[in-house]
Amino acid sequence: MELDKSGLEGRIFEGFAATSTKRYVYLCNMTTGVSRWSKNAVEYFDLPGEFHKNAGMIWAEKIHPEDRPAFLKSDEEIFSGKTDFHEMEYRVLNREGDYVVVTCRGVVMRGTENEHDLFLATISNHGITENIDSITSLHNVYGFWNQLAKYKGSKTSSVLILMGVNNFSQINGIYGYAFGDKVLKNIAKKLQECLGEHGKLFRMDGIRFSCLMPNHTPAEAENVFNHMKEALRKGIIVNDLKFSFVLAGGALAFAGDFEETAVQTGVTYALQKSKYDKGGELVFFDNKMNEDNQKNLKLLEELRKSMDNGYTGFYLNYQPTVSSEDSKLMGAEALLRWRHDDYGEVPPGVFIPWLENDPRFFELGNWILKRAMEQTMPLLEKYPDFMLHVNIAYPQIARVSFKNAVQRILNETGYPAKNLCLELTERCRQLESSYLRKELEYLKVLGISIAIDDFGTGFSSLNLLSEIPVDLLKIDRGFIFDIMTNKANQMIVKAVTTCADDLDIDVCVEGLEDQSMIDFMKAYHTHSYQGYFFSRPIPMENFTEKYM
């Protein structure tokens, strides 16, 4: 039976398909289910033909088993109409029997009148890209993934270190990118000299490097890292100019069977801890090469499986915010929780920082938003001014498609934008201020309120209030727990609340645990309170029982 090729034929497709040997074009008629593929893709991945039906299932069979569930979930969301956008990176089996990394970006093109809806995507094949970085002459990220895969199943005790050069961006800003490339090449040379025969060095994305060290203990790996760190601290000379750098590092010891992406997520989390909490010292995902480390890796794998399996085990609790004047309900903060049959209730302080370094966190964040809107919608009838607070993490707002995702979820749920407040967590403040301001202004046009969570800690400062549009500051509980006796904290809270009041910005005080703290806070300009005195985070059924 001849396939229905309507909507798929034309010279434009053929022209784009012929422009590259490592980037393919895919076009699917969402009504007939027939798709068209670049001839280069058909040949490289051994597909049934240029035109064929059920392309999603045929393609899924070629995707690496660990990546397949996420692909199928995204594919289902596209063809069920839940989203019009697709962006994923995964591994695909080619004609030679090797897995290569590809990036797929797609969009639904809605038809009008008699036209069909079409799904158009481009697939970039990173497997054809050379595995050698052109600047440093090191193996690049694709070479890293291939090398890491070779250790899978091996009983060799190995250590992976992911390193970041903290103060490099100013080089490009002052001297230009061509000179910056020279400096980067010299940094790589210095790191390679320090590593020697201990392992293999790779250039990762941006100003990050990794090294795989087989047959090494964590202590041995730490000695090598400290040697590298000291070498960059002493400085390198380029064109008679001396530059000193701070090296941060995250590490993970592994052996036996493991999920590569879980290892990558763990070591990325450790690098973030090194960079922002530990002054650059080497941080291990787990400090001991024992079964605790394997347990944490297994825990990461189960978290990823939960995300692939419809977010099983994930649920939301809600902590109320109340008026500072009369303690009446004003809203609630949605807080993510995770429970697993084998691990029980896992503390959010353990699993959330891990997940924020996982590329799938963006979709999890969308699930949290939608779930919170659905669960709090019934409250709006009794509390029309109820404000739902949802934390937004760096991996979400750093994606340019985030604002479109928020708008889509609002449309799907019918949730009033004026009842939604997005709280920026600490790492969001690291984004370039002009980009962050532009994204937030778009959200505010929709009617959404913006809050800064844990204000006064990390990267937050008063000048932030002049850089981005803010409606609410949440003062971190660290300033509150001893405020009745700590004179310094009293002055800080007074300065923040006075400044916010002058700028017409509301203030919410977190961490209130007893009546005496509440009475003391009456002296400050505040808008709302949140803390255990009013309620711990509770499931929606308990929240509804308490307030409805």
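- You'll find the side chain of Val493 stays beyond 4.5 Å of the side chain of Val507, heavy atoms only.
- With ring centers used as reference points, Phe243 lies 6.0 Å or more from Phe168.
- Using a 4.5 Å heavy-atom threshold, the side chains of Leu355 and Leu303 count as touching.
- If you check the side chains of Tyr24 and Asn40, you find no donor sitting under 3.5 Å from an acceptor.
- Remark: Glu423 engages Lys474 in a salt bridge, criterion side-chain N to carboxylate O under 4.0 Å.
- With salt bridges taken as basic N to acidic carboxylate O contacts below 4.0 Å, none links Arg337 and Glu345.
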Inset, instruction - Mind running side-chain contact (heavy atoms from CB on, under 4.5 Å) on Tyr99 and Ile63 for me, showing each step along the way? - result: CA-CA 8 Å; Tyr99 281 104; Ile63 294 176; over 6 Å; no

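- Annotation: cation-pi pair Arg399/Phe362 present, NZ/CZ under 6.0 Å from the ring centroid and within 45° of its normal.
- Taking all atoms of both residues into account, the shortest heavy-atom contact from Phe119 to Gly106 is CE1-C, 3.7 Å.
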Legend entry - side-chain contact (heavy atoms from CB on, under 4.5 Å) between Phe202 and Thr136, intermediate numbers included: CA-CA 9 Å; Phe202 301 85; Thr136 63; over 6 Å; no

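- Using modelled atom types, one finds no donor on one side chain facing an acceptor on the other under 3.5 Å when comparing Asn309 with Ser306.
- Across all non-hydrogen atoms, the minimal contact from Gln396 to Phe402 is O-CB, 3.1 Å.
- Between the side chain of Thr217 and the backbone N or O of Glu220, at least one donor-acceptor pair lies under 3.5 Å.
- Phe314 and Trp338 have tilted rings, their planes meeting at an angle from 30° to 60° on a 0 to 90° scale.
- Distance check: Cys211 SG to Gln147 CD gives 12.0 Å after rounding to the nearest 0.5 Å.
- Residue Thr425 holds its OG1 atom at 11.5 Å from CD1 of Ile452, rounded to the nearest 0.5 Å.
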Output a table of donor-acceptor pairs, distance under 3.5 Å, between side-chain atoms of residues 181-200 and any protein atom two or more places apart or on a different chain; print 'none' if there are none.
residue : atom : partner : partner atom : Å
Asn186  : ND2  : Lys182  : O            : 2.8
His198  : ND1  : His216  : NE2          : 3.0

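- Between Glu441 and Lys438 no salt bridge is recorded (no basic side-chain N to carboxylate O distance below 4.0 Å).
- Under the 4.0 Å criterion applied to side-chain N and carboxylate O atoms, Arg208 and Asp205 are assigned as salt-bridge partners.
- Looking at Asn391 and Glu333, their side chains do bring a donor and an acceptor atom within 3.5 Å of each other.
- With a 4.5 Å cut-off on side-chain heavy atoms, Phe225 and Met163 count as touching.
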Inset, instruction - Test Val101 against Glu89 for side-chain contact (heavy atoms from CB on, under 4.5 Å), laying out the working first. - result: CA-CA 7 Å; Val101 177; Glu89 183 175 278; 3.6 Å; yes

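- Summarising the geometry of Phe254 relative to Val159, their closest heavy-atom pair is CE2-C, 4.2 Å, with the distance given to 0.1 Å.
- No more than 12 heavy atoms of other residues, nucleotides or ligands shown are found within 6.0 angstrom of NZ on Lys278.
- Atom NZ in Lys403 sits 7.0 Å away from atom OH in Tyr442 (nearest 0.5 Å).
- Here the side chain of Ser38 pairs a donor or acceptor atom with the backbone of Val25 at under 3.5 angstrom.
- Under the side chain to side chain donor-acceptor pair (under 3.5 Å) criterion, Tyr90 pairs with Trp59, not counting sequence neighbours.
- A salt bridge does not link Asp308 to Arg68: none of the charged nitrogens lies less than 4.0 Å from a carboxylate oxygen.
- When side chains are defined from C-beta on, Ile505 does not count as touching Asp471, because their heavy atoms never get closer than 4.5 Å.
- Taken to the nearest 0.5 Å, the OG1 atom of Thr268 stands 4.0 Å off from the CD atom of Gln264.
- Partner of Cys104 under the side chain to side chain contact (heavy atoms under 4.5 Å, CB included) criterion, chosen from Ile123, Thr122, Val92: Ile123.
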Inset, instruction - Given salt bridge (Lys or Arg N to Asp or Glu O under 4.0 Å), test Glu66 with Arg91 step by step and report yes or no. - result: CA-CA 9 Å; Glu66 292 177 358; Arg91 293 162 287 179; 3.2 Å; yes

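- Between Asp67 and His64, the closest side-chain pair of non-hydrogen atoms falls below 4.5 Å.
- The CD1 atom of Ile368 sits 4.5 Å away from atom CG of Leu336, with the distance rounded to the nearest 0.5 Å.
- Side-chain N or O atoms of Asn239 include none that pairs as donor or acceptor with a backbone N or O of Leu241 at under 3.5 Å.
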Inset, instruction - Could you check Ile450 against Ile468 for side-chain contact (heavy atoms from CB on, under 4.5 Å), going step by step and ending with a plain yes or no? - result: CA-CA 9 Å; Ile450 304 298; Ile468 60 176; 5.7 Å; no

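- No side-chain heavy atom of Phe85 sits less than 4.5 Å from a side-chain heavy atom of Ser401.
- A side-chain donor from one of Asp482 and Asn489 sits under 3.5 Å from a side-chain acceptor of the other.
- Side-chain contact between Leu160 and Val263 is present, with at least one heavy-atom pair separated by less than 4.5 Å.
- In terms of heavy-atom proximity, Phe45 sits nearest to Val102 at CZ-CG1, 4.1 Å.
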Inset, instruction - I would like to know whether Arg304 and Glu301 meet salt bridge (Lys or Arg N to Asp or Glu O under 4.0 Å); could you show each step before the answer? - result: CA-CA 5 Å; Arg304 294 171 61 85; Glu301 292 176 20; over 6 Å; no

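- For the pair Ser244 (side chain) and Gly235 (backbone), a donor-acceptor distance under 3.5 Å is absent.
- Within 6.0 Å of NZ in Lys152 there are more than 12 heavy atoms belonging to other residues, nucleotides or ligands.
- The 12-atom threshold is not exceeded at OH of Tyr177, counting heavy atoms of other residues, nucleotides or ligands nearer than 6.0 Å.
- A donor-acceptor pair is defined here as one N or O able to donate and one able to accept, closer than 3.5 Å; no such pair exists between the side chain of Thr83 and the backbone of Ile78.
- Closest of all the heavy-atom pairs between Phe144 and Ser210 is CD1-OG, 3.4 Å.
- Note: Leu47 CG to Arg95 CZ = 9.0 Å, rounded to the nearest 0.5 Å.
- Taking each heavy atom of Leu472 and Cys421 in turn, the nearest pair found is CD2-SG, 4.5 Å.
- Inter-residue side-chain proximity for Glu363 and Glu77 is flagged as met; some heavy-atom pair is nearer than 4.5 Å.
- Within 6.0 Å of NZ in Lys444 there are more than 12 heavy atoms belonging to other residues, nucleotides or ligands.
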